Amino acid sequence: MKENDDKQNRIVDLRTCCKEHDVDLPVDLKELTEKQLVDFMVVFGEKSFRGRQIYKWINKGACTFEEMTDISAGLREKLKENACIGSLTLLRKQESSDGTVKFLFGLKDGNAIETVFMKYKYGNSICVSSQAGCRMGCTFCASGKLGLARNLTHGEIADQIFRCEEITGQKINHVVVMGTGEPFDNYDNLAEFIRRINDKNGLNIGMRNITVSTSGLVNVIDRFAADFPQVNLAVSLHAPTDEQRSRTMPVNRKYPLSELIPACRRYTEHTHRRITFEYAVIKDENDRDEDIEKLAELLRGILCHVNLIPLNEIEEKSDNRAGSRQRAGEIAEMLESRGITATVRRSLGRDIDAACGQLRLNESFQRTIIVHNDNNA
Ligand code: SAH
Ligand code: SF4
């Protein structure tokens with residue numbers, strides 16, 4: 001009788017706690033911050049340190065309660081009744097001969113996201129998605145073709161690393177937020193994700209080993225510099241003038257170069273960190289000598305590095321044609337001779353798929369075809 005009363009009271013308290021923290025029942029522990037986990041443990045009649053213990057397990061990638069060996073069997077049972085540990089589902093995996101692995105993961109609501117694992121001399125790196133889709137609409141990018149489905153939660157962003165480590169059996173040392181999505185369009189989840197993977201008791205990935213790439217949401221750059229001065233920032237520039245940039249990156253109409261470049265300067269002054277400018281080489285669009293002259297002028301005096309990426313062509317009909325690796329090399333030399341360090345990005349995993357976002361796009365097309373076929377049947 002007493003046990004039943006306890007259960008009833010706990011459910012009432014849990015509902016209240018869920019309302020306060022705006023989470024659903026059963027509580028997905030992977031979606032809770034450390035503070036929230038501590039609050040929930042109090043509801044379970046436990047001391048707050050239990051919340052920190054569980055947070056540690058979750059941040060080491062635990063996906064079952066059984067793994068939590070320092071938690072009593074009684075508490076594990078109580079947790080099983082009212083909580084769960086959400087996890088991404090592996091939909092597809094492609095392995096390249098150079099060790100690169102591309103994953104397509106399914107989310108609870110049926111959306112899919114891409115994650116890429118890469119091996120470098122200096123360690124293992126992962127490229128994670130921050131959103132399902134993207135609303136920035138860059139003309140050369142596969143990720144934006146279907147628009148934005150939704151933001152990923154910090155748990156879903158982190159789970160890409162947990163699952164990748166589990167599947168490959170390898171430890172990740174570097175994280176780049178350069179998969180599908182605009183991370184600064186999902187800032188709160190991005191920030192919580194960074195704090196989580198940096199946690200000493202969890203993955204313990206150093207701030208300096210994390211890089212975030214943005215299409216240039218100027219309003220967030222200062223905030224990011226203040227919150228995470230040790231995290232690396234990459235800005236997708238891809239054009240030397242407003243006219244060209246607005247043509248391929250609609251975000252430039254809202255945040256033109258006259259605002260973006262000063263924000264980048266402020267970032268380097270505040271953090272003393274080199275900023276990376278990404279520049280996809282698009283034939284006859286941004287790769288002529290005069291474009292590179294203008295680019296060098298634009299970046300003069302900024303503590304920066306230019307990363308040249310031969311464009312990955314995403315569709316045959318597109319106006320955007322890839323510049324060659326050779327042309328990218330020539331551009332790097334032109335920039336170097338003007339005092340700007342530049343490298344041509346190594347292209348990993350060429351034999352498995354092209355640009356980030358393509359696997360997801362292809363998958364969505366396939367699903368659309370299946371749906372159409374079903375409707376026609
Ligand atoms: N939304 C963020 C991060 C994700 S995109 C951003 O735009 O920075 C990661 C990088 O891939 C960006 O530099 C983006 O411009 C680049 N990219 C997208 N599509 C590409 C393509 N088809 N070929 C080469 N680079 C591409
Ligand atoms: Fe979005 Fe980045 Fe792709 Fe542009 S390049 S559509 S911002 S993911």
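Being a predicted model, the structure only gives us computed values, none of them experimental. Note that ligands are numbered from 1 as they come in the structure, with each ligand's atoms numbered from 1 the same way.
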Is C134 close enough to atom 1 (Fe) of ligand 2 to have an N, O or S atom under 2.8 Å?
-> yes

How are the rings of [X] and [Y] set relative to one another: parallel (under 30°), tilted (30 to 60°) or perpendicular (over 60°)?
| X | Y | value |
| --- | --- | --- |
| F224 | F184 | tilted |
| F103 | F105 | parallel |
| H238 | Y279 | tilted |

By number and element, which atoms of ligand 1 are closer than 4.0 Å to a non-hydrogen atom of [X]?
| X | answer |
| --- | --- |
| T214 | 6 (C), 8 (O) |
| C141 | 18 (C), 19 (N) |
| G179 | 4 (C) |
| G181 | 1 (N), 2 (C), 3 (C), 4 (C) |
| H238 | 13 (O), 14 (C), 15 (O) |
| E182 | 1 (N), 2 (C) |

Identified side chain to side chain contact (heavy atoms under 4.5 Å, CB included) partner of L152 from the options I113, V128, T180, N189 | I113

To check your reading of the model: name the closest protein heavy atom to [atom], its residue, and the distance in Å.
| atom | answer |
| --- | --- |
| atom 2 (Fe) of ligand 2 | G181 O, 4.5 Å |
| atom 3 (Fe) of ligand 2 | C141 SG, 2.3 Å |
| atom 4 (Fe) of ligand 2 | C138 SG, 2.3 Å |

Contact check, S236 vs ligand 2, heavy-atom distance below 4.0 Å | no

Positive for salt bridge (Lys or Arg N to Asp or Glu O under 4.0 Å) with E156, one of R150, R163, K108, R196 = R150

Determine whether the side chains of H305 and T341 contain a donor N or O and an acceptor N or O closer than 3.5 Å.
-> yes

Between H21 and D39, a side-chain donor and acceptor under 3.5 Å = yes

Heavy-atom contacts with S215 under 4.0 Å: which atoms of ligand 2 show up? List them by number with element.
-> 7 (S)

If you count the atoms of ligand 2 from 1 in the order shown, which ones are under 4.0 Å from a heavy atom of M136?
-> 1 (Fe), 7 (S)

V177, T276, T180, N312: member with heavy atom nearest to atom 24 (C) of ligand 1 = N312

Counting heavy atoms only, which of M136, Q131, M178, E278 is nearest atom 9 (C) of ligand 1?
-> M178

Non-hydrogen atoms of S143 versus ligand 1: any pair closer than 4.0 Å?
-> no

Between [X] and [Y], is there a side-chain N and carboxylate O pair less than 4.0 Å apart?
| X | Y | answer |
| --- | --- | --- |
| E81 | K78 | no |
| K171 | E165 | yes |
| D289 | R327 | yes |

